[in-house]
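Counting begins at 1 with the first residue of the sequence.
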Amino acid sequence: MSSLTEASLKPAVILADFGTSYTKWTLLILDSTDSCHLEPAVSESVESERPLSDGGCEWNVSKFIKRMVLAVLEANLKANKLGCVVRGICCTSTTTSIAALRRRNLVHHIPAFRWDDQRATVEAASLESLRRELRVNLWMPFSADSAPARALWLASRFPEDMTGDISLIEQIDLVSFFWTGRRVLSETVASRKWGFTETRPWPADFHAAVADLFGGHLPAMLPRHLVESATPIGRVLPSAAEIYGLSPSTQVIAAPYDTIAQVLGLGLLHEDAAAAVSLGTSMGVFSLTRDLHTVEYSVYGPIPDVPFRDQGLYYDGLRSCASAIDLVCAMALGPKGTGTVYYDRISQCLRETEPGSDGVSVVPYFNGGLRSAIGGVPVIRGFRDTKQKHLVRAVYEAIAYHIRLIIENFEGAMRSPLRRLFTGGGPSKNTEFMQIVADVTGREVRVTKYSDSGLLGCAVCAAVGLKWFESPEEASRALTAETDLFRPRLQHSQTYDDLYTQYRKELPANEDRSEE
């Protein structure tokens with residue numbers, strides 16, 4: 001494509017989210033009026049990987065590259081049809097897998113796994129003991145899900161393979177390596193999973209002690225180059241541009257990992273005194289501090305340099321959100337079925353019942369998660385066969401109560417009020433539920449109108465990286481502005497104040513962490 005032809009076309013960016021079970025992509029297009037818009041998102045299911053004999057699940061690098069390339073090809077084809085030229089690629093992905101690869105090519109050198117929470121328990125305990133012994137005040141304790149524990153697990157089981165040309169790579173950063181040939185790690189992953197950032201490295205004595213644990217293999221395992229979100233990583237390799245029909249000037253822009261991309265897409269970045277609530281199978285609640293020099297670290301964070309340097313992210317949540325809703329509603333209404341009839345029945349139940357659910361209450365700790373040691377046992381009180389509608393309302397109220405509980409805990413840790421909420425995800429499409437959240441929390445609730453907040457977060461990063469906007473805050477303000485608004489109703493909020501106080505008394509003793 002000639003430069004003259006390219007100059008006559010609208011610039012576009014390919015945005016993608018490569019989840020464990022899905023691929024989503026869309027285009028961000030810079031219009032002639034210097035405003036941006038996103039095309040509708042395309043979502044495709046992904047077949048689960050083959051389970052391994054030890055209960056793990058192999059991360060197949062070749063399959064990941066294949067679906068990544070297919071998404072870019074489809075998006076580029078759509079861009080051409082819309083009269084656009086692709087100027088950038090910005091993708092997010094999960095942090096649940098790492099792979100050990102040869103540095104000079106994409107050889108899948110030793111097995112890599114989709115990690116469960118138990119595999120590297122022993123290694124995590126060793127690292128955590130070392131942290132405590134040296135009194136290192138990291139913002140994260142080492143768990144079996146942390147990257148150093150996973151890396152130590154690999155190094156201890158495959159020491160002969162830990163040669164100088166081997167290094168670890170996350171799914172999210174395989175995107176940039178494939179297209180640009182540069183090995184970098186998203187700084188959000190480094191902060192959340194490794195416990196260090198570019199400006200906040202491990203203390204020297206702790207680094208040396210960890211190196212001893214790794215038996216000399218730490219240099220091969222430790223990420224070398226960190227990149228901040230919205231940073232241009234480099235242009236697409238000339239060979240890749242030619243093969244896949246991309247402009248040789250196409251830039252790859254760094255994005256945060258998927259959860260942080262969702263937070264950006266909800267609009268939290270440009271709002272003060274606010275929290276974001278991501279509602280899906282699980283629930284995440286987040287808030288930002290913009291001054292890390294004055295904060296005290298708590299069980300809720302902040303994770304430093306997330307989503308951008310010198311900012312910090314507070315976080316908490318529930319393992320069960322939509323999964324809890326589906327389970328309880330199926331108990332009350334029968335099998336879910338297909339189409340909108342089921343969801344219409346749920347909305348009807350919420351409209352026809354009053355705050356408090358006539359004494360029915362639910363504790364949604366069905367799968368454990370961030371706030372619970374309970375697993376698999378629904379806690380339902382006050383239910384009788386004549387109260388199916390009230391049971392439906394009770395599970396939605398329970399989610400809202402926990403949103404309020406987490407927000408109040410954040411306020412205690414941050415020592416400042418949070419006055420409004422930004423929400424997105426499947427359950428947020430239920431307008432009756434969003435009104436319940438506003439009434440229970442006593443806060444204004446804004447719901448994103450775009451179907452996928454993760455892609456919207458990638459759009460914020462891409463627009464800044466290509467200098468379509470001067471700052472992430474400016475891009476966030478422009479791209480996440482379309483929301484539906486729910487305000488608390490005074491009478492309902494007063495009723496819910498008493499109900500919330502009673503609900504907190506019903507929680508298991510180890511679950512109300514408001515005093516921590």
Side-chain angles (χ1 to χ4, degrees), residues 95 98 100-101 103 120 123-156 162 164-170 172-173 176-177 182-233 254-257 259-260 288-315 461 472:
T95 63
I98 56 176
L101 303 176
R103 191 167 293 115
E123 290 75 15
S126 298
L127 289 163
E128 183 62 11
S129 176
L130 195 62
R131 184 182 75 87
R132 293 176 180 274
E133 178 184 339
L134 295 176
R135 298 183 179 181
V136 177
N137 189 25
L138 296 176
W139 51 88
M140 53 165 273
F142 290 106
S143 65
D145 188 45
S146 65
R150 297 183 297 175
L152 184 57
W153 186 92
L154 288 171
S156 62
M162 295 296 105
D165 64 344
I166 290 292
S167 62
L168 297 184
I169 191 167
E170 297 264 358
I172 184 174
D173 298 304
S176 58
F177 181 42
R182 295 194 60 193
R183 298 296 298 271
V184 299
L185 179 68
S186 167
E187 193 161 35
T188 61
V189 176
S191 185
R192 177 69 180 88
K193 293 293 186 177
W194 286 90
F196 64 83
T197 69
E198 188 72 29
T199 58
R200 294 170 175 81
W202 285 345
D205 57 344
F206 179 71
H207 188 285
V210 172
D212 288 340
L213 277 183
F214 274 77
H217 300 306
L218 183 62
M221 312 289 278
L222 207 61
R224 286 180 172 83
H225 305 291
L226 305 183
V227 61
E228 185 181 18
S229 299
T231 301
I233 296 171
Y257 65 88
T259 301
I260 307 304
L288 286 179
T289 178
R290 292 169 174 81
D291 185 4
L292 289 173
H293 301 291
T294 60
V295 302
E296 294 182 8
Y297 288 97
S298 69
V299 67
Y300 312 107
I303 312 173
D305 299 324
V306 175
F308 296 95
R309 286 178 188 163
D310 296 324
Q311 298 178 349
L313 186 76
Y314 290 86
Y315 69 100
C461 294

Between E187 and E198, is there a donor-acceptor pair closer than 3.5 Å when you use the side chain of the first and the backbone of the second? yes
Heavy-atom neighbours of R290 CZ exceed 12 at 6.0 Å: yes
Tell me if a side-chain donor or acceptor on R183 pairs with a main-chain N or O of H225 at a distance below 3.5 Å. no
Hey, are the side chains of Y315 and I260 touching, using non-hydrogen atoms and a 4.5 Å cut-off? no
Any chance you could measure T197, atom OG1, to R192, atom CZ, to the nearest 0.5 Å? 14.5 Å
Walk me through whether R224 and L185 qualify under side chain to side chain contact (heavy atoms under 4.5 Å, CB included). CA-CA 8 Å; R224 286 180 172 83; L185 179 68; over 6 Å; no
A side-chain contact here means heavy atoms from C-beta on lying under 4.5 Å apart; do W194 and S146 qualify? no
Is there side-chain contact between R131 and P141, with at least one heavy-atom pair below 4.5 Å? yes
Rounded to the nearest 0.5 angstrom, the OG-CZ distance for S129 and F142 is 11.5 Å
Pair K193-Y257, side chain to side chain contact (heavy atoms under 4.5 Å, CB included): steps then yes or no: CA-CA 11 Å; K193 293 293 186 177; Y257 65 88; over 6 Å; no
Only counting residues at least two apart or in another chain, list the ones meeting salt bridge (Lys or Arg N to Asp or Glu O under 4.0 Å) with E228. none
Do T289 and Y314 have side chains that get closer than 4.5 Å, going by heavy atoms? yes
Atom pair CZ (F214) and CD (E123), whose distance is rounded to the nearest 0.5 Å: 9.0 Å
What distance do D310 atom CG and D305 atom CG have between them, rounded to the nearest 0.5 Å? 6.0 Å
Side chain to side chain, S229 and T188, heavy atoms closer than 4.5 Å: yes
Taking all non-hydrogen atoms of both residues, which atom of I172 and which atom of A255 are closest, and how far apart? CD1-O, 3.5 Å
I'd like to know if the side chain of W153 and the backbone of A124 have a donor-acceptor N/O pair within less than 3.5 Å. no
Between V306 and Q311, does a side chain to side chain contact (heavy atoms under 4.5 Å, CB included) hold up when you go through it step by step? CA-CA 6 Å; V306 175; Q311 298 178 349; over 6 Å; no
Exercise: identify the closest heavy-atom pair between A149 and A120: O-CB, 3.6 Å
Looking only at non-hydrogen atoms, find the nearest pair between P307 and L288 and report the distance. CD-CD2, 3.4 Å
Flag yes if more than 12 heavy atoms outside D212 fall under 6.0 Å of its CG atom; otherwise flag no. yes
State which residues pass side-chain contact (heavy atoms from CB on, under 4.5 Å) with A230; sequence neighbours excluded, sorted by chain then number. F308, C461, V464
When rounded to the nearest 0.5 angstrom, what distance separates CZ in R135 from CD in E133? 10.5 Å
Using the ring pair (Phe, Tyr, Trp, His ring centres under 6.0 Å) criterion, which residues pair with W202? Sequence neighbours excluded. F196, F206
Does a side-chain heavy-atom distance below 4.5 Å link L292 with P302? yes
Could you report the tightest heavy-atom contact between L226 and A190, atom names first, then the distance? CD2-CB, 3.7 Å
Minimum heavy-atom distance V295-D291, with the two atoms named: CG1-O, 3.3 Å
Is there side-chain contact between V227 and I233, with at least one heavy-atom pair below 4.5 Å? yes
Can you check whether L152's main-chain N or O pairs, donor with acceptor, with S156's side chain at less than 3.5 Å? yes
